[in-house]
Amino acid sequence: MTVSERIEQLKSEALSAVASGDSTAALEAIRVRFLGRSAELTEIKKSIGTLSPEERKEVGRSSNRASREIEAALDSRTEEVAAREREERLREEAVDVTLPGVPFPKGHLHPSQRIIDDVVDFFVGLGYRVAEGPEVETDYYNFTALGIPPGHPARTMQDTFFVDEGLVLRTQTSPMQIRTMLAQEPPVYVVCPGRTYRRDSDPTHTPMFHQIEGLAVDKGLTLGHLKGTLAAMARHVFGEDVQIRLRPSYFQFTEPSVELDVSCFICGGTDPGCKVCKGAGWLEMLGAGMVDPGVLEEVGYDPEEYTGYAFGMGPDRMAMVKYDIHDLRLFFEGDLRFLRQF
Ligand code: DAH
């Protein structure tokens with residue numbers, strides 16, 4: 001076979017390979033195979049210098065023509081195949097915007113959390129700071145520093161979980177009063193939401209529950225400031241129309257101590273058969289009072305210079321009243337059918 005015949009053969013091999021090349025990658029491989037640096041046609045061109053002058057002319061012309069034809073065939077076939085590949089890709093990657101989405105379940109705030117957020121927002125709006133503290137608390141902060149020394153009957157009343165010698169699960173958020181005052185100088189304006197624990201379980205008591213403590217210490221604070229602050233808070237949480245009343249009470253760390261009732265925001269005290277207030281017209285809401293001078297002394301504040309008020313409320317109870325829920329245990333069972341209602 002002459003060199004020219006071999007060139008013709010390579011050309012027709014290449015053209016039929018191109019014609020059946022059905023992807024841009026396959027066509028690129030064909031280009032390398034027939035026109036690449038070590039392709040046979042390329043070798044032939046490199047060897048032209050060793051040929052006789054007549055052969056040289058003939059082989060030069062036919063090899064160049066063969067390259068051009070293969071090149072042209074590759075170009076047009078590649079264009080065709082690339083267009084088809086592009087279309088296929090578009091078809092495969094198409095997004096059907098009319099398909100229904102995957103539903104993402106919406107979360108709910110727990111009823112207690114809604115009250116906590118509401119109360120905390122209210123006090124932050126008045127300029128109070130939010131402080132949080134440990135749930136495993138020392139006996140000293142939870143009791144002694146609050147006027148409840150070892151052996152005091154109030155310790156039994158609070159159904160305490162004892163963790164270890166000198167450590168309890170806090171039975172109230174009131175120890176945050178002591179922690180806050182020890183950590184700063186007056187004036188103090190804080191609210192302290194958190195979990196608290198007592199050995200108790202029935203429809204209105206759970207071993208874990210929430211409290212929100214409040215403390216203000218400044219020059220010249222009176223029971224009037226306490227009353228005005230709590231009245232504004234009650235209206236913020238339960239509605240503009242609610243009234244409050246203070247009843248005398250007793251706590252070891254306040255003097256005088258009060259309990260605060262809120263007028264029934266369901267019947268306003270007009271319905272003797274009201275399910276929420278049971279006809280009383282009032283709902284017990286929280287404990288409060290003027291900080292006992294002994295407590296101020298305990299933390300190194302001068303009770304001659306400063307006075308303060310404190311209050312402690314149960315947001316779970318408040319949620320029961322606000323959302324008309326009769327069993328506190330439902331709050332902590334994690335049943336979604338219950339939680340979804342809020
Ligand atoms: N810590 C009290 C309790 O759990 C509630 C309380 C009463 C908090 C009076 C106070 C307060 O700050 O002044 O029963």
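Any value given below was found using the heavy atoms of this structure, including those in side chains, with hydrogens, waters and symmetry copies removed. All ligand and atom numbering here is 1-based and tracks the order in the structure.
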So, do [X] and [Y] have ring centers that fall under 6.0 Å from each other?
X      : Y      : answer
Tyr309 : His225 : no
Phe342 : His108 : no
Phe311 : Phe123 : yes

* Asked: Applying a heavy-atom distance cut-off of 4.0 Å, which protein residues contact ligand 1?
  -> Gln172, Ser174, Gln177, Arg198, Gln211, Glu213, Phe251, Phe253, Thr254, Gly287, Ala288, Gly289, Ala310, Phe311, Gly312
* Donor + acceptor pair across side chains of Gln184, Arg129 (<3.5 Å) -> yes
* To do: Using the salt bridge (charged side-chain N to carboxylate O under 4.0 Å, His left out) rule, take Arg91 and Glu88 through it: C-alpha gap first, then chi angles, then the decisive distance, then the call.
  => CA-CA 5 Å; Arg91 206 171 329 110; Glu88 266 168 26; 5.4 Å; no
* How many angstroms lie between CD in Gln177 and CG in Asp292, if you round to the nearest 0.5 Å? -> 10.5 Å
